Amino acid sequence: MTVWSPLWVLPSRCAGEFTAGPFTFTTINAEDLAAGLLGLFNKCGVLPMIHVPGIARFVIDRNLNARVIARLDNINEAVVKVGNLGLIRYVFHLASRLNCKGGECIFRGDVSMLDIERFRLRLPIFQ
């Protein structure tokens with residue numbers, strides 16, 4: 001999995017390359033997109049979402065159209081959940097302000113870079 005490659009997003013019960021909270025992520029094989037999509041649907045019973053780190057997340061509808069559900073560009077605040085507060089040291093430099101309590105943090109800063117960094121380092125941080 002490279003940082004810039006689009007990823008399939010599936011429920012965590014489906015095996016993937018990287019799991020964070022309720023989701024698991026798998027690199028999209030662009031050479032055979034249709035076979036990958038159908039294979040994941042057959043394996044997990046749901047159509048996957050597509051996540052482009054630092055940019056947006058898309059859902060795939062029944063007509064196989066992609067629709068944006070979350071944009072990450074120009075967003076500078078997010079609530080993130082971390083399993084271990086020790087992980088914050090990896091993304092602290094990206095925040096202009098960070099308030100954490102009980103495994104949830106209000107992150108103020110570049111959310112796009114936070115998203116890219118969590119995939120680059122494979123941190124179990126999810127939004």
Side-chain angles (χ1 to χ4, degrees):
M1 171 174 20
T2 64
V3 175
W4 302 107
S5 63
L7 305 162
W8 294 119
V9 182
L10 296 156
S12 59
R13 62 181 161 74
C14 298
E17 297 171 26
F18 170 63
T19 300
F23 300 111
T24 189
F25 301 89
T26 302
T27 304
I28 293 176
N29 180 359
E31 294 174 1
D32 202 357
L33 189 68
L37 177 67
L38 292 174
L40 289 172
F41 180 73
N42 186 41
K43 176 180 164 185
C44 298
V46 296
L47 284 173
M49 293 184 282
I50 297 173
H51 185 85
V52 182
I55 310 247
R57 185 168 291 177
F58 304 85
V59 292
I60 301 171
D61 64 19
R62 292 179 183 185
N63 296 324
L64 300 181
N65 296 317
R67 179 173 42 93
V68 175
I69 59 166
R71 291 185 60 147
L72 298 174
D73 57 336
N74 296 324
I75 294 183
N76 49 17
E77 183 173 305
V79 175
V80 296
K81 296 184 181 192
V82 294
N84 177 355
L85 289 177
L87 298 173
I88 294 301
R89 71 177 181 264
Y90 294 108
V91 295
F92 186 76
H93 66 283
L94 300 172
S96 59
R97 187 169 179 191
L98 189 65
N99 296 330
C100 296
K101 184 177 180 180
E104 281 193 2
C105 299
I106 298 174
F107 176 90
R108 289 185 180 93
D110 190 346
V111 175
S112 290
M113 286 306 297
L114 171 66
D115 192 50
I116 290 169
E117 202 68 3
R118 77 180 174 130
F119 284 107
R120 187 177 74 79
L121 298 173
R122 293 186 178 218
L123 300 175
I125 296 173
F126 60 99
Q127 301 165 325

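All of these numbers come straight from a predicted model, not from anything done at the bench.
- Contact record, Ile75 with Arg71: CD1-O, 2.7 Å, taken as the closest heavy-atom pair.
- Applying the side chain to side chain donor-acceptor pair (under 3.5 Å) definition to pairs two or more places apart or across chains, none involves residues 92-102.
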- Query: Given the rule in the side-chain contact (heavy atoms from CB on, under 4.5 Å) test, do Cys14 and Leu40 qualify, once you have shown the distances and angles that lead to the verdict?
  - Reply: CA-CA 9 Å; Cys14 298; Leu40 289 172; over 6 Å; no

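- Taking CG of Asp115 as the reference point, atom CD of Glu117 lies at 10.5 Å (rounded to 0.5 Å).
- Checking Ile28, Leu7, Leu33, Ile69 one by one against Ile50, the side chain to side chain contact (heavy atoms under 4.5 Å, CB included) holds for a single residue, Ile28.
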Please tabulate, one pair per line, all N/O donor-acceptor pairs under 3.5 Å involving side-chain atoms of residues 52-66, not counting sequence neighbours.
residue : atom : partner : partner atom : Å
Arg57   : NE   : His51   : ND1          : 3.0
Arg57   : NH2  : His51   : ND1          : 3.2
Asp61   : OD1  : Asn63   : N            : 3.0
Asp61   : OD1  : Leu64   : N            : 3.1
Asp61   : OD1  : Asn65   : N            : 2.9

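- Note: the hydrophobic cluster containing Leu121 also contains Val80 (ILVMFWY, side chain heavy atoms under 4.5 Å, direct or indirect links).
- For Arg118 (side chain) and Ile125 (main-chain N/O), a donor-acceptor pair under 3.5 Å exists by modelled atom type.
- Put simply, CZ on Phe107 and CZ on Phe92 are 10.0 Å apart, with the number rounded to the nearest 0.5 Å.
- Atom CD of residue Glu17 and atom CZ of residue Phe119 lie 11.0 Å apart, to the nearest 0.5 angstrom.
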- Give the C-alpha distance, both sets of side-chain angles, the deciding distance and a yes or no for side-chain contact (heavy atoms from CB on, under 4.5 Å) between Val91 and Leu123. CA-CA 10 Å; Val91 295; Leu123 300 175; 4.0 Å; yes

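- Looking only at side-chain heavy atoms (C-beta outward), Glu104 and Val79 come within less than 4.5 Å of each other.
- A heavy-atom distance below 4.5 Å is found between the side chains of Pro11 and Val46.
- Residues Asp110 and Leu94 are not in side-chain contact: their nearest non-hydrogen atoms beyond the backbone lie 4.5 Å or more apart.
- Atom CG of residue Asn29 and atom CG of residue Leu37 lie 12.5 Å apart, to the nearest 0.5 angstrom.
- For the atom pair CZ of Phe41 and CG of Leu10, the computed distance is 12.0 Å after rounding to the nearest 0.5 Å.
- Cluster annotation: Met49 and Leu38 are assigned to distinct hydrophobic clusters (Ile/Leu/Val/Met/Phe/Trp/Tyr, side-chain heavy-atom contacts under 4.5 Å, transitive).
- With values rounded to the nearest 0.5 angstrom, Phe18 atom CZ is found 11.5 Å from Thr27 atom OG1.
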